[in-house]
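Have a look at the structure below, then the notes.
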Amino acid sequence: MSLKVYNSLSRQKEIFTAINAPYVGMYVCGPTVSGESHLGHARPFISFDVIYRYLMHLGYKVRYVRNITDAGHFEEEGREATDKISEKAVLEKLEPMELVQKYTNLYHWAMSKFNNLPPNIEPTATGHIVEQIEMIKKIIADGYAYEANGSVYFDVEKYNTDFSKKGMPYGMLSGRNIEDQQDTTRELDNQEEKRNRNDFALWKSAPVEHIMRWQSPWGEGFPGWHIECSAMSTKYLGSEFDIHGGGMDLQFPHHECEIAQSTVCNHKSPAKYWLHNNMITIQGKKMGKSYNNVIKLTELFSGDSPILSQPYSPMTIRFFILQSHYRGTLDFSNEALQASEKAFKRLWEAHEWFAKQVFENNTAAATDTALDEKVNQLVAEFSEFMNDDFNSAKVIANIFELVPIINSIKDKHIQAAALSSKTLAHMQTELKVFIESIFGLINERPSDEGQLDGVLQLLMDIRKDAKSRKDFLTSDKIRNELAGLGIQLKDEKEGGTSYTIV
RNA sequence: GGUCUUGUGGCCGAGUGGCUAGGCAGAGCUCUGCAAAAGCUUCCACAGCGGUUCGAAUCCGCUCGAGACCUCCA
């Protein structure tokens with residue numbers, strides 16, 4: 001069964017075929033490092049991390065490029081256009097690059113907490129000013145951009161007229177047409193410089209107070225809002241690559257403009273498949289700066305926010321995100337996160353125990369063929385569901401159908417021999433592959449050098465002795481005191497005891 | 001105003017024509033010295049109204065509600 005992905009460009013699921021198999025080029029829009037990442041940012045990076053991992057699992061050699069926007073984009077809230085990064089730099093009395101470095105480091109820290117694999121290339125906008133200028137020159141030379149007062153604008157009208165004839169109108173990705181766009185009555189800055197209100201900036205002339213500025217053929221300034229992604233994706237993935245990803249909110253205008261710029265320069269539509277993840281909402285509303293409802297990742301991990309009733313670990317959040325499909329909205333609430341926390345714990349403990357087992361006495365024949373068949377079916381569906389536009393939610397549902405079976409084997413409610421040795425082995429490898437390699441879930445409990453384990457084994461021994469003497473005062477004291485320290489003892493069927501660190 | 005998405009049980013969330021999604025919470029039971037953990041069982045759905053169909057949460061229409069984009073935004 002082949003992989004199918006939902007392509008925003010065609011608005012339907014398509015069979016994924018690599019342009020130049022086994023190589024796959026994937027570009028994902030990264031963060032603007034003018035501030036701290038929040039929960040909303042976690043979604044695309046975790047979603048595309050799983051997509052990246054799954055493509056590699058399928059055998060593709062993926063080049064994953066995810067940019068860092070550090071050049072500072074425009075904020076047009078007030079009258080004066082101010083550079084986001086330079087503005088904040090003044091407030092915090094930091095050099096712009098110092099600020100960018102700070103938030104880049106914080107972002108990388110969060111990404112590693114989530115166990116996201118680093119991309120193969122993580123280019124920065126400031127490191128590619130030359131490439132961006134070259135691209136703009138090319139667009140001007142081709143007649144699709146014009147200069148005005150030291151700024152350069154993309155001529156959307158002309159592009160749309162010419163490329164509509166080739167079946168590539170402006171707005172093809174987001175389903176807009178220029179006529180509708182004309183209706184907006186919003187007042188924007190520098191409109192008078194533009195020939196048309198749909199035109200967008202490729203290069204902006206920098207006002208004197210701007211700290212971040214570069215020399216260009218059009219004077220000192222800085223690159224426009226969308227050109228960095230076109231320049232860097234072209235440089236590292238070529239004029240036509242397989243996958244372009246990002247949040248749904250970037251579809252227009254960001255990705256639309258990218259398509260226009262790249263198409264003019266490279267004479268090809270840049271990406272074959274456009275994948276967009278949906279937003280994380282909070283009480284039904286998108287989490288975003290402009291809504292004032294963000295939970296920063298540092299707050300999430302520490303619990304330090306009035307919205308949060310407790311801290312949530314990175315794996316809880318990763319699991320929470322994977323429990324839904326990436327194209328659907330996902331509503332944040334403490335209740336929902338707590339549910340994920342508990343669910344992940346149960347899943348992980350079953351998985352951890354099962355992965356360690358060696359089933360030596362099992363035979364080729366299963367004693368419970370119905371169960372054996374059911375297990376094989378559930379496991380086989382992992383790939384089937386992932387192939388259907390990365391439906392991690394359904395895979396997790398199947399894993400949860402396996403959890404009671406695993407726990408029943410553990411508690412001897414089900415004999416391991418109920419399943420064939422082949423089934424058990426297959427189940428072990430597939431669970432490990434999907435949970436760890438593809439979903440990227442990891443054990444979060446602190447690892448120790450065996451000393452803590454030794455101490456706990458001793459305490460459990462003492463408690464066992466006390467219990468056998470019916471000295472429940474002592475046995476309960478050990479259990480309750482440990483519970484107070486966050487160590488939970490669990491008596492098992494065979495008279496043994498295990499523990500988990502909460 | 002334009003474009004588009006969406007409305008599933010207490011909460012989160014899969015599901016596009018017929019079969020129990022799943023998780024968390026609730027209830028009962030088993031196990032246990034008591035608990036916890038685990039297992040088993042169970043309650044609670046498909047916004048409303050029409051239509052298509054042998055059959056609809058799933059397709060169509062209308063009504064009501066929610067949201068996103070159109071401006072930096074994952």
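In what follows, every chain begins at residue 1, and chains take the letters A, B, ... in the order their sequences are listed.
Here B/C12 presents its C1' atom at 13 Å from CD1 of A/Ile321, a figure rounded to the nearest Å. Rounded to whole angstrom, the span from the CZ atom of A/Phe252 across to the P atom of B/G2 amounts to 17 Å. To the nearest angstrom, C1' of B/G7 lies 16 Å from CG of A/Leu330. Atom P of nucleotide B/C69 and atom CG of A/Asn277 are separated by 13 Å, given to the nearest angstrom. One can place CG of A/Asp331 at 11 Å from C1' of B/A66, the figure rounded to the nearest angstrom. For A/Ile68 and B/C73, the CD1 to P distance is 15 Å, given to the nearest whole Å. The CG-C1' distance, from A/Leu371 to B/C40, rounds to 15 Å in whole Å. We find that NZ of A/Lys285 is positioned 9 Å from P of B/A66, with the value rounded to whole Å.
When both pairing distances are held under 3.5 Å, B/G9 makes no Watson-Crick or G-U pair with any nucleotide shown. Using N1 to N3 plus N6-O4 or O6-N4 for Watson-Crick, or N1-O2 and O6-N3 for G-U wobble, each under 3.5 Å, B/U42 pairs with B/G26. Judged by Watson-Crick or G-U wobble contacts below 3.5 Å, the nucleotide B/U20 has no partner.
Residue A/His276 is classed as having no contact, given no heavy-atom separation below 4.0 Å to the nucleic acid. Residue contacts shown for A/Ser408 are limited to sugar-phosphate atoms, with no base heavy atom under 4.0 Å away.
Looking only at atom types and distance, the side chain of A/Glu157 has no donor-acceptor partner in the side chain of A/Asn198 under 3.5 Å away.
Between A/Asn391 and B/G15 there is a side-chain N or O to OP1 or OP2 distance below 4.0 Å. Listed pair A/Tyr291 / B/C73 fails the phosphate criterion, with no side-chain N or O lying under 4.0 Å from OP1 or OP2.
Between A/Asp471 and A/Lys467 there is no salt bridge, since no side-chain N of the basic residue sits under 4.0 Å from a carboxylate O of the acidic one.
Between A/Phe200 and A/His226, the ring-plane angle classifies as perpendicular under the 30° and 60° cut-offs. A tilted orientation is assigned to the rings of A/His255 and A/Trp274, their planes being inclined by 30° to 60°. Relative orientation of the A/Phe359 and A/Phe354 rings is tilted, given thresholds of 30° and 60° on the angle between their planes.
The two atoms that bring A/Ala271 and A/His244 nearest to each other are CB-CB, 3.6 Å, heavy atoms only. The shortest heavy-atom contact between A/Glu299 and A/Leu308 is O-CD1, 3.4 Å.
Both A/His41 and A/Phe332 lie close to RNA chain B; mapped to their nearest nucleotides by heavy-atom distance, the more 5′-ward contact belongs to A/Phe332.
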| said: One character per nucleotide, please: for nucleotides 21-34 of chain B, 5' to 3', B when the base has a protein heavy atom closer than 4.0 Å, S when only the sugar-phosphate does, - otherwise. | reply: BSBSS-----S-BB
